[in-house]
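Order of appearance sets the numbers: ligands from 1, and atoms from 1 within every ligand. Just so you know, residue 1 is the first one in the sequence shown, and it goes up from there.
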Amino acid sequence: MSLPPRMRAVVFERIGSFTVTDIPTPRPARGEALIRVRASMVCATDQKILAGKFPATRFPHVPGHEFSGEVVASGDGVTVAPGTRVGVEVHVGCGTCDRCREGMYTLCRNYGKRETGHAHIGFTVAGGLADYVSVPAAALHALPASVSLDDGAWTDNLGVALWALERGRLAPGDRVVVFGPGAIGLCAAQLARALGAGSVTLVGRGERSKRVRDLADEVVDAAEVDALRGTADLVVEFAGTSDAARAAILSARRGGRVVLGGSTGVGTELTGLDLSTIVRGNLDVLGSLANPKGVSGRALALLAGKKVDVKRLVTHHYPLERFADAWQTFTERRDGAIRVMLHPAAG
Ligand SMILES: [Zn+2]
Ligand SMILES: [Zn+2]
């Protein structure tokens, strides 16, 4: 097919400044596939990128790391057929360092070094808030037939949520507490149920918690969290604050497991916790970063099996052209916004 020479894209021009503009349509390099983007979301991490908190991101930058689309062209060495509907996971490792060889390409020792094959899509290389994006084929997951392109945009997020539960060794019947009623926390709550949790309690505050009341057995306001102290077999935290991390650790029963997944940026300190809670409690307190080992592919299988409903977590849809409105809706949490989804023009 013939590709237009130029395309529309969201561009983070410099710290604190963005625009929607025309830029050259990328061409797939060796090992890459060109994706016609169909659905693309923004998250709090994009706010951090725009604020300049990811040193590896160079401005001007095309963001977008939660997206799906169709393959329209591919570079040498790529066999995926044109027309294939795909979701994208955003960490692509160099493939040869010690961590990559363990499947932990999320911890690649060559982070940010494009010449080694490493790419963090939407972070160190251009992302999917554009009509087209060229990405390494290793980032692609073919979407199951029953998964829509809109739902497929959750490929990365669902993997992040599932990885946290696997880190925490979720067992059937477990009493699970999830901190953070944002998109990833709500995926984790649903997946915990799907994987056999005995009960799921969601901790959060505000409009968003009410909207998703039925996705958990119980919703507890963050102000009332003391009531959960020492009760949970498994606690999963996707709130990203020191208060939430401390409360998460205090909510575990003795011998329980705590997975902290919210604070992926630097600069948040854990304060005000008696160490004996962890030591004498014999707790497993684990960090969980992103979605290694192809976990997003398994998450898509659960999505295909209707074990998790992501459609209802998309509270707003916009054409790509209206990115400024979408951004404001998301960053100000208007109307209980959970995720806003952008759609490049059809064609
Ligand atoms: Zn994100
Ligand atoms: Zn590596």
Side-chain angles (χ1 to χ4, degrees), residues 10 12 31 37 39-51 53-54 56-57 61-68 87-130 133 135-136 138-139 141 150-164 180-188 208 238-240 261-265 288-296 299 310 313-316 323 326-327 329-331 333 337-342:
V10 175
F12 287 180
V37 180
S40 191
M41 302 186 288
V42 293
C43 83
T45 304
D46 295 303
Q47 290 179 266
K48 291 179 194 161
I49 292 173
L50 185 61
K53 291 181 180 166
F54 275 89
T57 301
H61 173 66
V62 178
H65 60 273
E66 302 178 358
F67 62 95
S68 65
V88 174
E89 65 172 291
V90 299
H91 281 273
V92 177
C94 73
T96 55
C97 77
D98 294 344
R99 296 293 86 74
C100 281
R101 288 160 63 149
E102 294 164 347
M104 298 297 294
Y105 44 83
T106 46
L107 307 177
C108 178
R109 290 162 59 91
N110 287 310
Y111 186 94
K113 296 178 187 163
R114 190 69 195 95
E115 69 279 11
T116 68
H118 180 275
H120 192 188
I121 297 163
F123 294 76
T124 63
V125 300
L129 280 164
V133 59
V135 301
H141 289 273
D150 280 11
D151 284 4
W154 290 80
T155 298
D156 198 73
N157 287 332
L158 285 168
V160 173
L162 183 55
W163 181 246
I184 310 273
L186 293 172
C187 287
R208 290 201 292 186
F238 277 115
S263 283
T264 53
S288 186
L289 176 70
N291 43 339
K293 297 193 175 183
V295 65
S296 276
V310 290
L313 305 183
V314 182
T315 49
H316 300 76
F323 177 77
W327 185 255
T329 299
F330 177 73
T331 57
R333 303 282 189 271
I338 298 173
R339 272 293 187 271
V340 301
M341 185 173 275
L342 282 299

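Ionic pairing of Arg339 and Glu66 is present here: one or more N-O contacts between side-chain nitrogen and carboxylate oxygen are shorter than 4.0 angstrom.
When all heavy atoms of Asn157 and Ile184 are compared, the pair lying nearest together is OD1-CD1, 3.3 Å. Minimum heavy-atom separation, Ala337 to Thr315: CA-OG1, 3.3 Å.
Distance check, rounded to the nearest 0.5 Å: CG of Leu186 to CZ of Phe238 gives 11.0 Å.
Of the options Asp150, Asp156, Leu158, a side-chain contact (heavy atoms from CB on, under 4.5 Å) to Trp154 is made by Leu158 and by none of the others.
Counted within 6.0 Å of CZ on Arg333, heavy atoms from surrounding residues, nucleotides or ligands total more than 12; the atom is thus considered enclosed. Annotation: Arg114, atom CZ; neighbour count of heavy atoms from other residues, nucleotides and ligands within 6.0 Å is above 12.
Around the Zn ion (ligand 1), protein N, O or S atoms at less than 2.8 Å number 3. For the Zn ion (ligand 2), the count of nearby protein N, O or S atoms, meaning those under 2.8 Å away, is 4.
A donor atom on one side chain and an acceptor atom on the other are found under 3.5 Å apart for His120 and Tyr111.
At distances below 3.5 Å, at least one donor-acceptor pair connects side-chain atoms of Ser40 with backbone N or O atoms of Gly128.
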